[in-house]
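For reference, the structure discussed in these notes is given below.
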Amino acid sequence: MLLSFVDALRHLLPLEDAMTFGLILFVLSWVHPRRIVSVPPVGYRRTTLLWAGTAGSLLVVAVATVVSAHAVPVWGGSGFDGWWRRPAPLVAATLVVAVAGLALRRAPLPAPGERAISARRAWHTFASAVLLWVFGITATLVAVTALWQIAIATSAPKDSPVFGLVPQYTTLPIYARFNNGYGYVAGAGWPNHLATLIAIAIAIGVFFVVLRADVDRPLFARSSAPSVRAERESTAWLFGLILLAGLITTLGAVWMHTGFAGTSMVGLDVQSVSGNHPDTRILINGGYSAIARPMNLAGYLLQGTGVAVALRIAIDTVRAAHRTQRTTANVPEAQEPTARVSR
């Protein structure tokens with residue numbers, strides 16, 4: 001009975017689906033219940049961040065769930081069917097940040113005579129250094145993996161042996177050599193990974209442009225420096241987290257795909273001629289089989305981590321909104337007795 005339940009659960013939530021590990025890690029994340037995002041108490045920026053943090057993060061989750069549910073490779077495919085599915089979560093996150101950045105540019109600006117004079121700042125002034133480092137390392141891992149897979153790719157002769165999931169034959173460089181030319185394995189090359197590299201470049205460009213536009217946005221002369229800094233730091237933090245969630249999910253998908261291709265192996269049955277020795281089977285592994293299985297398993301975990309981060313962003317944005325709303329509502333009540341005493 002237990003085995004049948006586990007089997008039914010596995011079919012309901014397959015491991016390849018980003019939501020499977022995402023929900024597990026999301027639940028485990030509540031070991032640390034402190035909010036990971038904050039929003040301003042009032043104003044146009046608050047509304048923009050609320051929409052980006054809730055609807056935008058859930059869009060990343062939805063895209064990751066849908067594309068991962070259809071990511072199981074099939075026999076007879078093109079060999080590069082998933083070229084658009086792996087970077088899709090990152091593309092969704094980039095779209096959210098780009099739209100939110102454009103929305104912030106439409107916020108009311110102070111009149112020329114009401115603007116505070118401030119020095120020109122660097123684009124990363126309000127961004128967290130830790131978040132930028134994590135984002136940079138994650139982006140580097142994705143880019144290095146994609147470039148490596150493009151570098152080892154080659155075309156295969158029409159009648160050459162292809163192992164693993166055999167796609168329809170193509171002259172495109174989607175094959176990696178299996179065991180020094182013994183055969184070929186599909187799944188590498190620029191048809192599989194070029195879109196991922198382009199998505200990373202666009203995400204970095206959008207992040208830079210949005211932060212650059214917000215860091216030197218004109219201030220009202222009556223605005224206090226601490227409040228302005230807090231608002232812009234929370235903006236940069238939220239945008240960075242959304243992009244990081246999409247990037248981690250994409251890294252997981254890339255490693256799942258690359259690791260799966262590297263686990264291909266060929267079994268040879270060796271029969272004893274004399275009959276004095278039992279028949280044996282020799283298993284021949286591919287070129288990077290030593291890291292393929294750990295990479296594949298890490299991909300499952302990373303893909304779920306990205307979804308869990310996006311879910312926490314959505315929930316914590318709502319929590320932050322309720323918290324600031326209660327704080328704002330209590331301010332007049334706290335000031336009322338003081339006003340009477342002063343009279």
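Counting from 1, the numbers follow the sequence of the chain as shown. Keep in mind that what you see is a predicted model, and the values were worked out from it rather than measured.
- Taking both residues in full, the closest heavy atoms of T249 and G306 are given as OG1-CA, 3.2 Å, listed atom of the first, atom of the second, then distance.
- A side chain to side chain contact (heavy atoms under 4.5 Å, CB included) with L49 is found for exactly one of V37, T235, T317, namely T235.
- Smallest separation of non-hydrogen atoms from A88 and V67: CB-CG1, 3.9 Å.
- There is a path of hydrophobic side-chain contacts, each under 4.5 Å, that joins L244 to I200.
- Of all heavy-atom pairs spanning W123 and R212, the tightest one is N-NH1, 3.8 Å.
- Rounding to the nearest 0.5 Å gives a distance of 4.0 Å between NE2 of H257 and CG of N192.
- Contact annotation: the side chain of L25 approaches that of L301 to within less than 4.5 Å [non-hydrogen atoms, C-beta and beyond].
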Between L238 and I242, is a side-chain contact (heavy atoms from CB on, under 4.5 Å) present by the stated rule, with each step listed?
CA-CA 6 Å; L238 179 61; I242 293 173; 4.1 Å; yes
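- For the residue pair W148 and I291, the shortest heavy atom distance occurs at CH2-CD1, 4.2 Å.
- The aromatic rings of F207 and F135 lie tilted to each other, with the angle between the two planes from 30° to 60°.
- Shown here for A100 and A52, the closest heavy-atom pair between the two residues is CB-CB, 4.0 Å.
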Checking T145 against W255 for the side-chain contact (heavy atoms from CB on, under 4.5 Å) test, could you report, in this order, the C-alpha distance in whole Å, the side-chain angles of both residues, the deciding distance, and whether it holds?
CA-CA 8 Å; T145 305; W255 278 16; 2.9 Å; yes
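- The shortest heavy-atom contact between A203 and T94 is CB-OG1, 3.3 Å.
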